[in-house]
Structure formats: C-alpha cells, structure tokens
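The residues of the chain are indexed from 1 along the displayed sequence. Nothing here was measured: the structure is a model prediction, and the numbers come from that model. Computed over heavy atoms, backbone and side chain alike; hydrogens, waters and symmetry mates excluded.
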Amino acid sequence: IYRNSYKKNICIDMLQQGYHKSFAELFTLIEKWNALREAAGPGSAIWLEKSLEEQPDKLDQLHYFLTRAEAAQRSENYEEVYSNQLNLAYCFNKTEDRWLRNYFYEQCYKTAQLIKIDGGRKEAEAHSNMGLVYEEQGHFLKAVEHYEAFYNLTVGRTWKDNTGRNLNSLACEHLWRIYTLLADKMLANKEPQEAIRTLTKALKMAEEGEKEIIFLHLTLLTFLLNVASLLCQYFLIKWFS
C-alpha cells in the first residue's frame, strides 16, 4: 500500500487547516536547503546531511510554530508572531542548521518593526540577534549598525534577558567586542588612525558596561604599540626614500 511521505502529510495537514502561508514558507525552506546542498556539491558537509524533508523532528517544529505564527498574524497579534518565529530560531541553533536560525532571526527583525506596545524591547532584541548573524558572517560594519541600534534602544531601560542579564549591559559588551574586531581589521589594512578611534569606542563601551575593563586597557595598549610600530616604519620609509 502506497504511503505518503512525512513531509507530504504535514503539507496536506497545513493546507486542510487553511495555513497556506505556512505551507508556502515550509516548501520554500525545503527548496532553499536543496539549493544550498547542490551549490556545495558532493563531498561537502551539507551534502552528507539528511535533507530537511527527511528529518521529521524538524518538520514537526516547523509545522507547529509556523502555523501558530500564521494564526497570530491573522489577528495582528505581532508579539505572538515574533515569539513563534524566535522559538524557531532557537530550535535551529546547531552549526549545520545555522542558515535556518538566521532566516528566522531575519523574520523576527521584520516582525519586531510592527510591534508598537512594548517600548521597543523586541526590536532591540531583534537588532542584537541580527548583529550576531552579521558578526558570525564577518560583516563587521553591518554588525556594528545593529549592535548600535540595540544599544540606543536599551539606554535607560531596566530590561533583562532570560538569564537576568541587563540588556544595555549586554549591548555594551557586544559593542566593545565588535569594535575591537573592527579595529583589528583596520590595523591589518594599515588604517591606524581609524583603528585608534574605533578602539577608543570599544573602551568607552567596556567602561560603561563595567565589564572587562582591564582587558580593554591592555588591548588598547597593545594596539597603540602596534600603531606606533607601523607609524615608525612608515616614517623610516619616507625618510630614506
């Protein structure tokens, strides 16, 4: 007797219950996974993994949260939409699923713009998550934009995350880290003045967040020594040329 695949049963269930948007989104994600696999080619890590449609646990999570998000969207309950999208991002935090996590962080970011009754808290969280995405991808300038927005939205607020950490303190930590990474990149590109300015911002964030101040002072000293060495080399070349 012919039996439908697990994916097909889930898709049929979505359509029968009227969740056409969820069905389309699930189908798009499966197609995206297949495209990523084909682009990577044989021998790649993703090539050796099971297809998304062959992983029932992940299909169950997508079915559950996508349909809940769609139901909430129909009643314009954007906080509930955001919550379900964020839960999906948390479901896919393993390295091999990072593209799915990033996709749902992006959806959270879009939804957060529609939430007007929480003082900007979810928008702040969404900026923090998008900063993480860009930082992991090495797009430091884009990460800075999101972390700075996260910081600005949390100034003067007493908001805390699930661990009890103050969100503004967390924003300061994100900024000193990304500023330090960016300054390191600037120094490697022989941009000492920009590196010093950026590292000064990092030090300010560290002091404001009251975290890792000694580390930042040492980092600043190291950078200044490297910059001084770079400038000495520059002037020696100019002097003898």
Side-chain angles (χ1 to χ4, degrees), residues 1-134 136-137 146 161-163:
I1 300 173
Y2 175 77
R3 292 185 178 181
N4 291 331
S5 67
Y6 198 78
K7 179 201 78 170
K8 188 169 184 179
N9 285 333
I10 278 185
C11 289
I12 290 172
D13 183 68
M14 283 179 168
L15 292 173
Q16 287 178 337
Q17 293 186 53
Y19 292 113
H20 299 97
K21 181 178 180 294
S22 298
F23 163 77
E25 195 165 6
L26 176 61
F27 187 81
T28 298
L29 290 172
I30 290 173
E31 289 295 300
K32 183 175 180 180
W33 190 96
N34 291 334
L36 288 171
R37 184 173 181 271
E38 287 297 324
S44 62
I46 192 172
W47 189 271
L48 302 175
E49 293 173 21
K50 288 183 179 180
S51 166
L52 185 58
E53 58 193 286
E54 296 175 314
Q55 301 183 64
D57 289 347
K58 291 178 182 178
L59 290 176
D60 283 340
Q61 291 168 335
L62 287 163
H63 174 274
Y64 180 75
F65 288 113
L66 284 175
T67 54
R68 284 172 63 89
E70 184 174 353
Q73 189 173 40
R74 290 172 184 170
S75 59
E76 298 185 353
N77 185 350
Y78 297 115
E79 290 159 295
E80 184 67 16
V81 174
Y82 176 94
S83 177
N84 283 286
Q85 290 170 335
L86 188 61
N87 279 325
L88 277 168
Y90 291 158
C91 285
F92 301 110
N93 206 29
K94 292 182 180 179
T95 303
E96 61 269 23
D97 299 327
R98 200 62 60 84
W99 67 275
L100 270 170
R101 184 207 64 177
N102 293 350
Y103 169 82
F104 287 110
Y105 274 157
E106 290 174 7
Q107 298 310 302
C108 285
Y109 177 69
K110 293 175 183 177
T111 301
Q113 315 302 312
L114 304 173
I115 300 172
K116 306 299 182 185
I117 60 174
D118 70 343
R121 173 168 181 153
K122 288 183 175 59
E123 184 180 357
E125 292 173 345
H127 275 295
S128 176
N129 291 329
M130 288 305 299
L132 174 66
V133 169
Y134 283 115
E136 288 177 346
Q137 294 173 347
H146 285 287
D161 64 14
N162 294 334
T163 67

Checklist line | side chain to side chain donor-acceptor pair (under 3.5 Å) assessment of Tyr82 paired with Glu125 | finding: CA-CA 11 Å; Tyr82 176 94; Glu125 292 173 345; 3.3 Å; yes

Notebook entry, point to check: Under the side-chain contact (heavy atoms from CB on, under 4.5 Å) criterion, do Asp13 and His63 qualify, and how do the steps go?
Noted result: CA-CA 9 Å; Asp13 183 68; His63 174 274; 2.7 Å; yes

Next item on the list: Might you work through the side-chain contact (heavy atoms from CB on, under 4.5 Å) test for Leu59 and Tyr64, ending with a clear yes or no?
Entry: CA-CA 9 Å; Leu59 290 176; Tyr64 180 75; over 6 Å; no

Next item on the list: Let me see the working for Asn77 and Ser75 under side chain to side chain donor-acceptor pair (under 3.5 Å), right down to the final yes or no.
Entry: CA-CA 5 Å; Asn77 185 350; Ser75 59; 5.1 Å; no

Check: Arg101 and Tyr105: side chain to side chain donor-acceptor pair (under 3.5 Å), yes or no, with the steps?
Finding: CA-CA 6 Å; Arg101 184 207 64 177; Tyr105 274 157; 4.9 Å; no

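Between Ser22 and Glu70, the closest heavy-atom pair is OG-OE1, 2.6 Å. Residues Leu88 and Phe104 share a closest heavy-atom pair of CD1-CE2, 3.4 Å.
Residues Phe65 and Cys91 have side chains in contact (heavy-atom distance under 4.5 Å, counting atoms from C-beta outward). With a 4.5 Å cut-off on side-chain heavy atoms, Leu62 and Leu52 count as touching. At a threshold of 4.5 Å between non-hydrogen side-chain atoms, the residues Thr67 and Gln17 do not count as touching. The shortest distance between side-chain heavy atoms of Asp118 and Arg121 falls below 4.5 Å. Gln61 has its side chain within reach of Phe92: a pair of non-hydrogen atoms, C-beta onward, lies under 4.5 Å apart.
Under the 3.5 Å distance criterion, the side-chain polar atoms of Gln55 are matched with a main-chain donor or acceptor of Lys50.
Here Glu25 pairs with Tyr103 under the side-chain hydrogen bond (donor to acceptor under 3.5 Å, both in side chains) rule; sequence neighbours left out. Applying the ring-ring contact (aromatic ring centres under 6.0 Å, His included) rule to His146 yields the partners Tyr109, His127, Tyr134; only residues at least two apart in sequence or on another chain are considered. Applying the side chain to side chain contact (heavy atoms under 4.5 Å, CB included) test to Phe23 and every residue at least two apart in sequence or in another chain returns Cys11, Met14, Leu15. For Asn129, the side-chain hydrogen bond (donor to acceptor under 3.5 Å, both in side chains) criterion is met by no residue, not counting sequence neighbours.
Among residue pairs with one or both ends in residues 55-65, those qualifying as salt bridge (Lys or Arg N to Asp or Glu O under 4.0 Å) are Lys58-Asp97; sequence neighbours excluded.
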Mind listing the side-chain donor-acceptor pairs of residues 31-43 below 3.5 Å, one per line with the distance, residues two or more places apart or on another chain?
residue: Asn34; atom: ND2; partner: Ile30; partner atom: O; Å: 3.3
residue: Arg37; atom: NE; partner: Trp47; partner atom: O; Å: 3.4
residue: Arg37; atom: NH2; partner: Trp47; partner atom: O; Å: 3.2

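Counting only N and O atoms by type, the side chains of Thr111 and Gln85 include a donor and acceptor under 3.5 Å apart.
Atoms CG and CD, on Asn9 and Gln16 in that order, are 9.5 Å from each other to the nearest 0.5 Å. Rounded to the nearest 0.5 Å, atoms NZ (Lys122) and CG (Leu114) are 13.0 Å apart. Leu66 CG to Gln73 CD: the interatomic distance, rounded to the nearest 0.5 Å, is 11.0 Å. Distance check, rounded to the nearest 0.5 Å: CZ of Arg68 to CD of Glu80 gives 5.5 Å.
With respect to Glu136 and Arg98, a salt bridge is recorded, a charged nitrogen being found less than 4.0 Å from a carboxylate O.
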